[in-house]
K.L.:
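Below you will find the structure I want to go over with you.
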Amino acid sequence: MQENYDVTEIQNKWLPVWDEIKPFDSSRADDARPTKYVLDMFPYPSGDLHMGHAEAYALGDVIARYWAQKGYNVMHPIGWDAFGLPAENAAIKRGLDPRDWTYENIAQQKASMRRYACSFDWDRVLQTCDPLYYRWNQWLFLEFYKKGLAYRKNSNVNWCPSCQTVLANEQVVQGLCERCDSVVTKKALTQWYFKVTDYADRLLDDLDQLEGKWPSKVLSMQRNWIGRSQGANIDFNIVDSDQKISVFTTRPDTLFGATFMVLAADSELAANLAANASDTVQQAFEQYLDGVKKANDIERLATDRKKTGVFLEQYAINPLSGEQVPIWVSDYVLADYGTGAIMGVPAHDDRDIEFAKAMGLEIKMVVDTGEEDPAVSGIATSGDGVIVNSGELNGLSKQDAIAKAIEIAESKGTGVGSKNFRLRDWLISRQRYWGTPIPIIHCEKCGEVPVSQDQLPVTLPDSSGLDLQPKGTSPLGAADQWLNVSCPSCGGAAKRDSDTMDTFVDSSWYFLRFLSPHSEEFAFDPAEAKKWAPVDQYVGGVTHAILHLLYARFFTKVLHDIGMVDFEEPFTRLLNQGMVLMNGSAMSKSRGNLVRLSEQLDIHGVDAIRLTMAFAGPPEDDIDWADVSPAASAKFLARAWRIAKDVDSEPTADFAAGDKGVRKATHQFLVGFEEAIEAHKFNVGVAKAMELTNALRKAIDQGVGPKDIAVREGAEELAKALSLFAPYTSEDMWQLLGHEPAVALAGFGTVDQSLLVEQSTVAVVQVDGKLRDKFEVDLSITDAELEAMAMASAAVQRTIEGKEIVNVIVRAPKLVNIATK
RNA sequence: GCCCCGAUAGCCCAAUGGCAGAGGCAGACGACUUAAAAUCGUCACAGUGUGGGUUCGAGUCCCACUCGGGGCACCA
């Protein structure tokens with residue numbers, strides 16, 4: 001046994017032992033422990049692990065190891081999100097096969113994770129690029145297809161000219177591609193979609209169930225993203241036409257204030273109406289539409305952009321007032337939100353008043369908010385007030401008028417209460433190679449024909465001979481042998497769909513695949529799902545707050561509806577760890593502030609880095625590597641290790657004879673530590689372990705000495721607690737203390753409440769809330785006795801001298817507060 | 001523009017409405033040592049961003065503001 005704490009030595013010593021005994025095997029048939037499912041977001045295999053992974057997996061491991069220590073059978077699996085653009089791009093650059101490149105990275109990351117001593121169950125590993133996995137992507141796609149939840153449509157989609165592929169709405173950030181920051185443009189294409197909007201209400205409403213269990217930030221981001229608005233659809237007839245304009249509005253109470261209509265320039269209705277107009281109007285419209293199509297999102301979203309538009313020289317009839325109002329087209333109305341048309345109420349809408357001012361249209365106030373008339377001030381008012389100039393709505397409040405207007409419109413058959421969502425359907429086709437082939441065959445005669453589910457997987461053809469260079473159409477379109485098949489329906493010549501699925505499809509259900517990762521019979525085994533799912537604790541970065549989590553929630557709800565799972569939310573609790581920064585900003589090679597994980601591990605050791613991640617602060621806060629001290633963590637671990645080494649007694653289960661003071665410190669620690677970990681205050685938990693270490697050091701050097709059995713008890717609990725953060729050190733401590741591995745499963749000691757009962761406490765005396773005196777009192781002291789003691793205090797007498805006492809608050813045995821005037 | 005989160009010592013961070021300090025970094029001093037490192041120990045430092053309010057008592061609850069971070073945003 002070594003004399004000194006040697007990081008390298010203990011790292012080399014314990015890894016093979018754990019491989020042998022597999023402390024975190026979650027598949028033992030006779031395992032009677034209750035279950036917990038702890039999941040870390042699986043990594044993308046691009047290069048080796050970095051500091052961000054190190055934090056995420058250190059924190060996830062604290063939770064997994066905590067439950068293991070508490071006696072649970074913890075499933076803590078890991079896999080790789082192995083399909084996707086970065087792998088493909090990197091492969092193109094180096095002329096490699098994306099598959100080889102991916103698997104090499106996986107091997108490297110896996111080795112790093114093992115060295116990092118993550119408590120993963122290595123028998124449950126999966127890779128999404130494995131046909132064994134993506135076969136079930138296809139199978140699920142076909143299930144969605146049967147339910148009408150997977151469909152193809154032509155529309156103007158987000159197009160990244162650099163990645164040469166379409167993007168989901170969620171992958172466009174501020175008009176830029178989230179991957180490469182290129183300006184995203186629009187392109188009319190026929191693409192596959194998942195009908196997320198069918199689930200919009202449930203995706204929004206069910207967030208309430210997660211209140212307090214998910215970070216409120218994520219909940220609000222999801223709510224914002226789904227963006228439900230309540231209102232009404234109102235129909236406006238068009239003068240001298242049998243067409244009508246249906247608008248969506250959240251303010252039907254302002255119907256009488258509508259002084260114009262605006263259609264999205266790129267909407268079908270706009271085109272129809274323009275076609276009926278004079279040649280001059282048609283020309284102006286065509287010209288305007290051209291300009292709109294050319295504009296990208298960056299230009300379109302510019303906040304201070306002037307309002308533009310074209311008057312169609314046609315009029316609509318307000319269904320309530322009967323007034324005729326002019327019909328315009330403009331690009332400030334979006335074709336794919338609501339009905340693609342609005343009623344312009346300039347007095348009470350910022351955008352409409354801008355348009356009205358630009359075009360010289362009438363501004364008619366219908367809600368008197370007490371502010372200046374918008375027609376005069378030029379500033380729209382949107383607050384509550386009294387309805388005016390609005391016929392039967394006059395005199396009502398905003399809320400009442402909204403209800404009344406809907407009622408009237410419904411009774412007249414010219415409108416209906418309705419709601420709209422910001423959320424759009426999920427575009428899942430990608431024109432790239434390295435992804436899951438869409439299991440559909442296109443036949444000229446039969447149209448879309450799904451591949452039979454028992455014919456899956458449709459495997460990805462070998463990449464050799466294919467041009468993976470992005471060129472706007474799928475590389476699979478050139479894989480003739482693969483592409484050309486006979487139609488399953490009529491037997492005629494047909495072609496496979498050559499697009500691949502968005503990789504977010506892969507990650508939308510992987511947490512279920514871990515239940516039976518090798519199954520060829522099911523996507524996941526329903527019996528295992530009953531046992532383990534949903535995930536008790538999910539851990540990952542807030543970067544996935546919208547995309548991945550929304551899609552996974554959507555999948556779960558669909559799987560629930562087709563009877564595959566009996567729950568509707570996939571992740572019961574969510575922890576978002578912060579980022580690891582260096583000198584205030586995200587690490588990057590170009591910034592020159594990159595800290596290499598492997599280097600840190602070499603210098604300080606695995607345990608010190610893991611401990612540093614946990615101790616740096618609350619898990620959801622960012623860690624600035626410049627603010628933390630892994631060297632100090634290593635020093636602490638050595639200090640803890642020496643405690644175990646100094647213990648000079650035989651292993652026993654009977655600690656009753658130990659020193660009461662030391663035992664009390666240990667048992668207080670147990671209470672505080674578990675409380676801290678359960679609340680995910682890992683930094684506080686570590687601080688408590690440091691406190692116990694300090695107390696034990698003192699006991700050994702200046703107190704009862706290393707032979708007292710209470711010192712052993714404290715050292716053992718310390719080792720068990722440290723197993724959450726520092727697996728190598730704690731295992732070695734456990735051995736020094738004369739035990740067999742694994743310390744990770746040893747189980748915390750049972751708290752002896754009798755040791756925690758205080759005989760006396762320190763009572764505090766305040767005058768006007770300020771501390772003036774304190775003394776040790778018996779716990780059983782009465783209010784009257786304590787008050788008498790307080791009043792007798794010289795310090796108190798001095799303070800209250802000459803003052804009038806108005807009140808005395810006594811909270812025996814802790815506190816007396818004397819209020820004076 | 002709307003919504004959310006945060007602000008405590010030189011620094012990172014603790015504190016069920018009840019003594020502002022658990023822990024750490026950096027710092028000073030001391031013990032051990034021929035010396036240094038390592039180790040062990042002792043000490044100092046803020047009244048909680050600003051202004052109000054509730055309360056016997058506010059870092060903690062309420063209101064307004066400042067600063068920082070984040071989300072949504074021509075979404076009708």
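Chain identifiers are assigned alphabetically (A, B, ...) following the order of the sequence lines, protein sequences preceding nucleic acid strands; residue numbering begins at 1 within each chain. Because the structure is predicted, anything quoted here is derived from the model rather than measured. All values below come from the heavy atoms of this structure, side chains included, with hydrogens, waters and symmetry mates left out.
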K.L.:
Does the pair F669(A) and H667(A) meet the rule for a ring pair (Phe, Tyr, Trp, His ring centres under 6.0 Å), with working shown?
P.N.:
CA-CA 5 Å; F669(A) 162 75; H667(A) 286 250; over 10 Å; no
K.L.:
Quick one: label I623(A) by what it contacts on the DNA or RNA (base, sugar-phosphate, nothing), any heavy atom closer than 4.0 Å.
P.N.:
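Contact class for I623(A): none.
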K.L.:
Would you classify V542(A) as touching base, sugar-phosphate or nothing, given that sugar-phosphate means primed atoms plus P, OP1 and OP2, and contacts are heavy atoms under 4.0 Å?
P.N.:
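Nothing, no heavy atom under 4.0 Å.
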K.L.:
So W328(A) and L361(A), do their side chains get closer than 4.5 Å, heavy atoms only?
P.N.:
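They are in contact (side-chain heavy atoms under 4.5 Å apart), so the answer is yes.
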K.L.:
Compare the minimum distances between each of U42(B), C5(B), C72(B) and the side chain of S216(A), then state the nucleotide with the smallest one.
P.N.:
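Nearest listed nucleotide: C5(B).
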K.L.:
Need one value for P215(A): base, sugar-phosphate or nothing, where a base atom within 4.0 Å counts as base even if backbone is also close, heavy atoms only.
P.N.:
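No contact at all - P215(A) keeps every heavy atom at 4.0 Å or more from the nucleic acid.
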K.L.:
Quote, to the nearest angstrom, the C1' distance that separates A46(B) from C19(B).
P.N.:
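Per the computed distance, 16 Å lies between those C1' atoms.
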K.L.:
Does anything in residues 215-236 of chain A pair up under salt bridge (Lys or Arg N to Asp or Glu O under 4.0 Å), and if so which pairs, sequence neighbours excluded?
P.N.:
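Residue pairs with at least one partner in residues 215-236 of chain A: D201(A)-R228(A), D205(A)-R228(A), D208(A)-R223(A), E211(A)-R223(A), D235(A)-K244(A).
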K.L.:
Looking for any heavy atom pair under 4.0 Å, which part of the strands does R223(A) touch: base, sugar-phosphate only, or nothing?
P.N.:
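Nothing: the residue R223(A), judged by heavy atoms under 4.0 Å, touches no strand.
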K.L.:
In terms of relative ring orientation, are H544(A) and H548(A) parallel, tilted or perpendicular, with 30° and 60° separating the classes?
P.N.:
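Rings of H544(A) and H548(A): perpendicular, over 60°.
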K.L.:
If you check the F615(A) side chain, which of G23(B), A76(B), C74(B) turns out closest?
P.N.:
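Selected nucleotide: G23(B).
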K.L.:
When the P atoms of C13(B) and U55(B) are compared, how many Å lie between them, rounded to an integer?
P.N.:
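Straight-line distance between the two P atoms is 35 Å.
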K.L.:
Under a 90° cut-off about 0 for the syn range, is G69(B) syn or anti?
P.N.:
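Base orientation relative to the sugar is anti.
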K.L.:
Scan every strand shown for a Watson-Crick or G-U wobble partner of A44(B), both distances under 3.5 Å, and answer none if you come up empty.
P.N.:
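In the structure as shown, A44(B) has no Watson-Crick or wobble partner.
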K.L.:
Between protein and nucleotides 54-57 of chain B, what N or O pairs are separated by less than 3.5 Å?
P.N.:
unit_1 : atom_1 : unit_2  : atom_2 : d
C56(B) : O2'    : N817(A) : ND2    : 3.2
C56(B) : O2     : N817(A) : ND2    : 2.4
G57(B) : O4'    : N817(A) : ND2    : 3.3

K.L.:
Select one nucleotide: of G71(B), C12(B), A22(B), the one nearest the side-chain heavy atoms of E691(A).
P.N.:
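Side chain of E691(A) sits closest to A22(B).
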K.L.:
Give the nucleotide from the list C11(B), C13(B), G71(B) with an atom nearest to the side chain of D621(A).
P.N.:
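For D621(A), the side-chain atoms sit closest to C13(B).
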K.L.:
Please determine, for the side chain of A632(A), which listed nucleotide (C25(B), G23(B), C40(B)) has the closest atom?
P.N.:
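Among C25(B), G23(B), C40(B), the one nearest the side chain of A632(A) is C25(B).
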K.L.:
Suppose we define a pair by two distances each less than 3.5 Å, Watson-Crick or G-U wobble; what does A26(B) pair with here?
P.N.:
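A26(B) is paired with nothing.
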K.L.:
Is E354(A) touching bases, backbone alone, or none of the nucleic acid, heavy atoms closer than 4.0 Å?
P.N.:
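E354(A): no heavy atom of the nucleic acid under 4.0 Å.
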K.L.:
From the options G71(B), C12(B), A14(B), select the nucleotide whose nearest atom is closest to the side chain of N683(A).
P.N.:
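Nearest to the side-chain atoms of N683(A), counting from C-beta on, is A14(B).
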K.L.:
Which nucleotide sits closest to the side chain of Y332(A): A76(B), C74(B), G24(B)?
P.N.:
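Looking only at side-chain atoms, Y332(A) lies closest to C74(B).
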K.L.:
Pairs in or reaching into residues 679-692 of chain A: which pass salt bridge (Lys or Arg N to Asp or Glu O under 4.0 Å), with residues at least two apart or in two chains?
P.N.:
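Every pair satisfying salt bridge (Lys or Arg N to Asp or Glu O under 4.0 Å) with a residue in residues 679-692 of chain A: there are none.
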K.L.:
Taking A20(B) as the reference, what is the distance to G30(B) when you measure between their C1' atoms (whole Å, please)?
P.N.:
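The same atom, C1', in both gives a distance of 29 Å.
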K.L.:
Expressed as a whole number of Å, how far does the C1' atom of G47(B) sit from that of G21(B)?
P.N.:
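Pairwise C1' distance, G47(B) against G21(B), rounds to 12 Å.
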K.L.:
Can you tell whether the side chains of R697(A) and D646(A) come within less than 4.0 Å, N to carboxylate O?
P.N.:
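Looking at R697(A) and D646(A), the cut-off is met.
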K.L.:
When the C1' atoms of G71(B) and U60(B) are considered, how many whole Å apart are they?
P.N.:
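Their C1' atoms lie roughly 27 Å apart.
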K.L.:
Between A58(B) and G52(B), how many Å separate the two P atoms, rounded to a whole number?
P.N.:
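That atom pair is separated by 14 Å.
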K.L.:
Sort out the partner of G17(B) for me: Watson-Crick or G-U wobble, both distances under 3.5 Å, none otherwise.
P.N.:
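Here G17(B) is not engaged in any pair, so there is no nucleotide opposite it.
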K.L.:
NA contact type, D624(A), heavy-atom cut-off 4.0 Å: base, sugar-phosphate, or nothing?
P.N.:
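The answer is nothing, as D624(A) stays clear of every strand by at least 4.0 Å.
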K.L.:
Paired with G51(B): which nucleotide, if any, by Watson-Crick or G-U wobble criteria at under 3.5 Å for both distances?
P.N.:
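Its partner is C63(B).
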K.L.:
May I ask you to evaluate whether R642(A) reaches the phosphate of C40(B), defined as a side-chain N or O under 4.0 Å from OP1 or OP2?
P.N.:
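Checking C40(B) against R642(A), a side-chain N or O does come within under 4.0 Å of OP1 or OP2.
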K.L.:
Go through G41(B), G71(B), A76(B) for me and flag the one nearest to the S229(A) side chain.
P.N.:
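From the listed options, A76(B) comes nearest.
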K.L.:
Between U54(B) and A64(B), how many Å separate the two C1' atoms, rounded to a whole number?
P.N.:
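Rounded to whole Å, the distance is 15 Å.
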K.L.:
Using the ring of each side chain (for Trp, its six-membered ring), is F355(A) parallel, tilted or perpendicular to Y332(A), with breaks at 30° and 60°?
P.N.:
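Ring orientation, 0 to 90° scale: tilted.
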K.L.:
Does K681(A) reach a base, just sugar-phosphate, or nothing at all? Heavy atoms under 4.0 Å.
P.N.:
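Answer is sugar-phosphate: K681(A) comes under 4.0 Å of backbone atoms only.
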K.L.:
Assign R228(A) to base, sugar-phosphate, or nothing according to its heavy-atom contacts below 4.0 angstrom with the strands shown.
P.N.:
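Touches nothing.
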K.L.:
In terms of side-chain heavy atoms of R697(A), which of G23(B), A76(B), C40(B) is nearest?
P.N.:
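Output: C40(B).
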K.L.:
Could you work out which one of C74(B), C40(B), U39(B) sits closest to the side chain of K635(A)?
P.N.:
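Nearest listed nucleotide: U39(B).
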K.L.:
Would you check if the side chain of N683(A) reaches a backbone N or O of A616(A) as a donor-acceptor pair within less than 3.5 Å?
P.N.:
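Between the backbone of A616(A) and the side chain of N683(A) there is no qualifying donor-acceptor contact (under 3.5 Å).
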K.L.:
Roughly how many Å apart are C67(B) and U8(B), using the C1' atom of each and rounding to a whole number?
P.N.:
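Comparing C1' positions in U8(B) and C67(B) gives a spacing of 16 Å.
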